[in-house]
Each structure stands twice: as structure tokens, then as C-alpha cells.
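What follows is a short report on a single structure.
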Amino acid sequence: MCGIVGAIGANDFTPFLLAGLKTLEYRGYDSAGLAVLDASGALCRVRAKGRVSELQARVAQLGISGAVGIAHTRWATHGIPAEHNAHPHVSGGLAVVHNGIIENYEALRGQLQALGYVFSSDTDTETIAHLLRACLCEDATALGFAGPAPDLFTAVRRAVLFLQGAYALAVMREEEPDCLVVAREGSPLMLGLGERGHFAASDASALVSVTRRMIYLENGDVARLRGTGVELVDRQGQAVVREVVQSTLSADAVELGDYRHFMQKEIFEQPQALGNTLEMIGGAARLQPGIFGVEASEIFAQVEAVLILACGTSSYAGQVARYWIEAVAGLPCTVEIASEYRYRHSVPNPQQLVVVISQSGETADTLAALHHAKAQGHAYTLSICNVPESAMVRATRLRFITRAGPEIGVASTKAFTAQLAALFLLTLSLAKVQGRLSLETEQTFLAELRHLPVAVENVLALEPQIKRWSQRFASKQHALFLGRGHHYPIALEGALKLKEISYIHAEGYPAGELKHGPLALVDAQMPVIVVAPNDALLDKLKANMQEVHARGGELYVFADGGTGVVQSDGVNVLRLPEHYGLLSPVLHVVALQLLAYHVALVKGTDVDKPRNLAKSVTVE
Ligand code: G6P
């Protein structure tokens with residue numbers, strides 16, 4: 001949510017800053033801005049409402065360049081998307097970009113206004129700009145300091161003492177053209193150590209074009225970057241040396257290639273993403289619970305129940321896993337939306353394994369829910385995450401890194417199916433350690449997992465048929481998705497995909513619940529999409545489909561072979577290539593992703609950057 005890039009060195013970094021913003025645009029895209037120190041040493045700021053391309057055009061028009069600069073792409077929280085609210089925010093020759101939320105900004109704003117500072121935006125970020133300026137002048141005494149801070153580095157270290165909330169900051173100042181200062185608390189920020197200069201960004205993908213050597217800042221860290229080096233202090237103000245890691249992120253992974261959209265690319269990357277995620281089981285005859293961490297076997301043997309915490313699509317992965325964990329591992333499992341759990345008075349059970357699921361590993365509510373669980377005495381924690389360096393991964397005792405590769409499309413696709421693969425491995429590992437998995441069952445499931453990439457490939461081949469169906473949705477205002485059992489969460493996910501990218505109002509329901517309300521909505525204008533695997537609930541599901549058909553509803557059925565669901569007037573059937581038992585949700589969801597994608601194309605929406613949304617939700 002929001003993206004930051006910064007650079008300092010000897011070259012003109014304006015093109016790098018703009019390219020970095022383009023890479024980070026999926027994190028927020030309602031306005032963008034940059035500030036550089038130009039050849040005369042003056043601070044030049046350019047901002048534009050809308051996409052980075054708008055900013056790019058303005059920068060080109062103004063012919064701006066500079067060897068020190070900071071840039072930002074925004075997802076509005078405080079203040080509408082507008083040029084005056086776009087970052088950087090400036091105060092007396094210094095400029096700031098910020099990700100996160102300053103919770104006490106109103107109090108700080110009042111304090112600064114009383115000192116005579118005039119605000120020109122509605123943002124929390126502008127408070128930081130004025131606060132820094134105050135720290136650097138005589139006003140520092142009014143803030144409780146003996147005198148003005150001698151430099152920007154000191155000013156930032158002082159200013160952060162006032163800030164409550166989450167932030168990643170990058171700051172520059174006309175009077176100190178040889179440095180950039182950055183700070184991190186809660187929101188991710190990393191440094192890039194390059195040949196031609198030093199860099200900072202909220203996401204490694206913005207840096208790989210210039211360097212692979214990176215330092216991930218810890219919470220509380222403040223760093224000063226110069227063209228020649230970086231210095232770092234921790235929360236206590238002690239100089240620290242942080243590990244330099246070599247990023248393995250490939251530049252291709254964040255490029256579109258021949259695809260029209262990242263979402264399309266990511267849907268089609270699923271066989272590979274699943275193959276990579278499942279690589280650790282390789283050809284092994286037996287499953288090793290150690291893939292979840294060195295303590296996994298010991299912890300899995302102790303646990304009596306599982307509590308899954310997540311948001312959005314990740315929570316639907318958790319809901320599928322609930323069916324698996326209870327059925328295969330015999331452990332009670334609950335799934336909670338992280339933003340509810342963190343504020344609810346729940347009854348902790350220390351024998352519960354707390355599993356947080358997150359593509360990004362930085363979703364604020366999931367992270368806070370994890371901390372809440374730990375504060376309540378939960379010691380057994382596991383993260384399932386797609387970003388190895390993320391805060392969430394670092395905060396749990398056990399971890400499993402899905403290897404889906406960077407996901408850029410706001411609507412999650414390959415990260416979701418990789419999460420399902422990871423959760424199936426978790427189910428088997430729990431069952432195994434708890435003595436509930438026979439050798440034969442283990443081997444059958446392992447073989448099914450290994451075949452999964454091929455099975456997904458076969459579903460992707462259905463694209464032409466799904467594309468034809470999508471034409472019929474363009475005029476619809478609403479849609480219902482039905483599923484039963486472990487396909488009910490897939491109905492929820494199918495509805496979420498359709499609503500987020502096509503803006504058609506869609507709801508997912510357990511099919512048995514239809515007659516308790518949603519059936520009242522069914523008429524010829526209401527497409528009803530049915531997830532119809534060939535499983536034990538098929539006859540019940542068929543009865544639910546009859547309920548729709550009898551009321552003139554148009555059915556679109558994704559049916560496995562052998563279900564006996566046939567095409568007829570008002571019943572459209574798309575045959576899935578194979579029935580896949582417990583792992584069938586992985587196949588069915590791919591078909592629903594393709595449906596949402598093609599409906600959005602027909603509707604002409606911005607598939608990768610749907611209105612009002614953002615990829616990583618780092619605010620509450
Ligand atoms: C946002 C994204 C969704 C994602 C959710 C949870 O809403 O648009 O695609 O499912 O956040 O994100 P996480 O990174 O925690 O999986």
C-alpha cells in the first residue's frame with residue numbers, strides 16, 4: 001500500500017525513480033510524486049493525480065533531473081486522491097515521502113499549528129514534514145529538546161519519537177544535498193547498495209534494476225544514505241550493522257512479457273508456481289514435517305487445534321484448509337478474519353496452532369492479529385507467506401514460504417493456489433505427526449500433489465470456452481456463486497474475484513443456504529455460477545440447482561466429468577478435465593479466475609489496478 005523509492009549518487013536518478021514507481025504502482029495508484037535536488041541544489045517537487053504515467057509526462061515536460069531524489073505512489077488514506085495530498089510533502093526546504101499511518105497526527109498537527117506551521121494538505125504525512133523542520137530550528141525547544149538538531153539524520157531520529165503508528169519514511173533536504181535519511185516502523189523498507197549510488201524502496205522489485213545487494217531495515221531503524229555509503233542506527237540510537245542479502249528476485253518476474261495483464265500472466269503461471277512451492281517434497285516417498293521449520297514435528301505433536309488468521313483471498317485459502325484439517329488431521333480448526341479477531345475478546349487456547357496466511361506478509365490486520373494472539377499466550381505460531389523477508393515470517397516460530405513469485409495483479413491468483421498447496425502439506429504434516437495418516441494415504445496424496453501442476457494446466461486449456469461465457473456476463477449487475485463443502489470457500493473466492501475486477505456485485509453462498517434468502521434474488525437477470533465437483537455432496541448440489549432452474553435463473557455450471565450435469569435450456573455446463581478429490585478446489589478456482597478475468601476484459605475495467613483497491617493493505 002503506497003510505494004516509496006529513493007536514490008542518491010552521482011547520476012541523474014529521475015528515470016530510475018519513475019521506473020521504480022512504475023514497478024510499485026500496483027501498491028497504490030491514485031496519485032504520485034517525486035522530489036529531486038537539481039543541478040543548482042534547489043528542491044524540485046512534481047506531483048500528479050492519477051497514474052505514474054501522468055507524473056512521468058509532467059517530469060518530462062519540466063525537464064527535471066537530479067542525483068538525489070525521493071518518489072512515491074499513493075493509495076489515499078487521509079485526504080482524497082488529489083495533487084495537494086500527493087507526496088512528497090515539503091516544509092522549509094525538506095521533502096518527505098511516507099507509507100503507513102501516523103495515528104496521532106491530529107494531536108501533532110494541532111501542536112505544530114500552534115507553533116505557526118501552515119498545512120496545505122489533509123494528510124498525516126505533512127505533519128512529519130513540519131515536525132522535522134521544527135526539530136531543525138529554534139522550535140525544537142518547544143518540542144522539549146535543548147536546541148535545534150544539527151542535521152537531518154538527528155532530526156529524523158528525534159521526530160520519530162513523536163510518531164505513533166506505522167511508517168516507512170524517506171526524507172531529503174536542500175541544505176544537506178549529500179544525504180537521504182530513511183526510517184522504518186511497521187511498514188517495510190529496504191536499502192539497495194549499488195555501484196553507482198545507494199537506494200531505498202518499500203519493495204525489492206523497485207531496486208533490482210540497479211542492485212541485488214540489499215539491507216532489510218528492522219523496526220525502529222533510521223539510516224543515512226550517501227553516495228559513498230550508508231550508516232544505520234537502531235531504536236536505541238546505537239550504530240548497527242545489518243546483514244547484506246543478495247536478492248534472487250528476477251527482473252523478468254516483475255515484467256509483463258507477452259501477456260496483456262499481470263493477472264493473466266499470474267493465472268497462467270500457476271502450474272509453475274505450484275511446482276516451485278511443492279519442490280521440497282520432490283520425489284520423496286515420505287513427507288518431512290520439517291519443511292515448516294526445525295521445531296515443526298515437536299510443535300505439531302503438541303497441538304490440539306488450529307486457528308487460522310488472514311484477510312481477503314488468503315482467508316478463503318484458510319477456509320478451504322479448515323475442511324482439510326478437520327477431515328484429514330482430525331483437529332478442530334477455526335478461521336477468523338484478522339481484523340475481527342484482533343479486537344474480539346476470544347478465549348485463548350495455548351495448545352492451538354496459530355496459522356497466519358498472507359501473500360505479502362505485511363497486511364496490517366493479519367500482522368496485528370498475530371501479535372494479539374501471541375500477547376494472549378499463543379506460543380505455537382506458523383506463517384504461510386509468499387515474501388520470505390516479510391515482517392510476518394519473522395514474527396512466527398514456524399514458517400512455510402510459498403514460491404509463487406512476485407504477484408503484481410491486485411486480485412490474488414497464483415499466491416492463492418500456492419497457499420492451498422502449502423495448507424494441504426500442513427494438513428498432511430499435522431495428520432502424520434498426530435498418527436492419523438497411513439502410509440498408503442500419504443503416498444496417494446503426495447502423488448496427487450505432484451500431478452497438480454499438470455492438472456491445473458489442463459484447466460487453463462478451458463480458456464476459450466470460459467471466454468465465450470464471459471460475453472454473457474457483461475450486461476449483468478449481480479451474480480451468485482454456489483458451492484458446498486470445501487468448494488464453498490471457492491464460491492466465495494470466485495465471487496470476490498468477479499466483484500473486485502469487473503465491479504459486478506457478486507456473492508458466494510453455500511448451496512444449501514440458497515433457500516434461506518438468496519433464492520429471492522433469482523430471476524432471468526441473475527447468473528448463478530455453480531462449482532460442481534463429483535463428490536459426495538453432488539446430489540444435494542443438483543437439488544439446489546433445480547431450485548434455481550425452477551425459478552428461471554440462468555445456471556453456469558463448472559462440472560467434473562461423471563457428474564451427469566447436462567447442458568439444457570438455462571443450464572450451461574463447462575466440463576472440468578478431471579475430478580481431483582480433496583485438491584479439487586485448486587482446479588475449480590482456476591476456472592473461476594479465468595471467468596472473472598474475461599468478464600473484466602469484456603467490461604473494459606482496469607484489471608490489474610481495480611478502482612479503490614491496493615495490493616498490500618498495510619493500514620487497518
Ligand atoms: C488485499 C489484496 C488481496 C489480498 C488481501 C490480503 O485486499 O487486494 O488480493 O487477498 O489484501 O493480503 P495478503 O497479502 O495478506 O494475502
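As the structure lists them, so they are numbered: ligands from 1, and atoms in each ligand from 1. FYI, the numbering just counts along the sequence from 1.
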> Which of the atoms in ligand 1, numbered in the order shown and given with their element, are less than 4.0 Å from a heavy-atom of Thr313?
Replying inline: 10 (O)
>> If we count only N and O atoms by modelled type, under 3.5 Å, do the side chains of Asn85 and Thr123 hold a donor and an acceptor together?
In response: no
>> Students should be able to answer this: which protein heavy-atom is nearest to atom 3 (C) of ligand 1, and at what distance?
In response: Val410 O, 4.1 Å
>> So for ligand 1, is Thr363 a polar contact partner (N or O within less than 3.5 Å, distance only)?
In response: yes
> Between the main-chain N or O of Asp365 and the side-chain N or O of Ser339, is there a donor-acceptor pair closer than 3.5 Å?
Replying inline: no
>> Looking only at distances, can you tell me whether any N or O atom of Ser360, backbone or side chain, sits closer than 3.5 Å to an N or O atom of ligand 1?
In response: yes
>> Under 4.0 Å from a heavy atom of Ser314: which atoms of ligand 1 are those, numbered in the order shown and with their elements?
In response: 10 (O), 13 (P), 16 (O)
>> Please tell me whether Gln270 and Thr417 have a donor and an acceptor in their side chains that are separated by less than 3.5 angstrom.
In response: yes
>> On the six-membered ring of Tyr380, is Arg397 placed so that its NZ or CZ lies under 6.0 angstrom from the centre and within 45° of the ring axis?
In response: no
> For Gln419, is at least one N or O under 3.5 Å away from an N or O on ligand 1?
Replying inline: no
> Got the closest protein heavy atom to atom 2 (C) of ligand 1, with its distance?
Replying inline: Lys615 O, 3.4 Å
>> If the contact criterion is a heavy-atom separation under 4.0 Å, does Leu613 count as touching ligand 1?
In response: no
> Who's the nearest protein heavy-atom neighbour of atom 7 (O) of ligand 1, and how far?
Replying inline: Val617 CG2, 4.0 Å
>> Out of all atoms in ligand 1, which are within 4.0 Å of some heavy atom of Ser358? Include the element for each.
In response: 13 (P), 14 (O), 15 (O), 16 (O)
>> When you compare the side chains of His261 and Glu266, does any donor N or O come within less than 3.5 Å of an acceptor on the partner?
In response: no
> Can Lys22 and Thr73 be counted as having a side-chain donor-acceptor contact under 3.5 angstrom?
Replying inline: no
> Ser412 heavy atoms, cut-off 4.0 Å: which ligand 1 atoms fall inside?
Replying inline: 9 (O)
> Without hydrogens or angle criteria, can the side chains of Arg184 and Asn219 be said to hold a donor-acceptor pair below 3.5 Å?
Replying inline: yes
>> For atom 6 (C) of ligand 1, tell me which residue out of Ala310, Ala338, Gly361, Cys311 has the closest non-hydrogen atom.
In response: Cys311
>> Under a 3.5 Å threshold, yes or no: a donor from one side chain and an acceptor from the other, between Ser412 and Glu407?
In response: yes
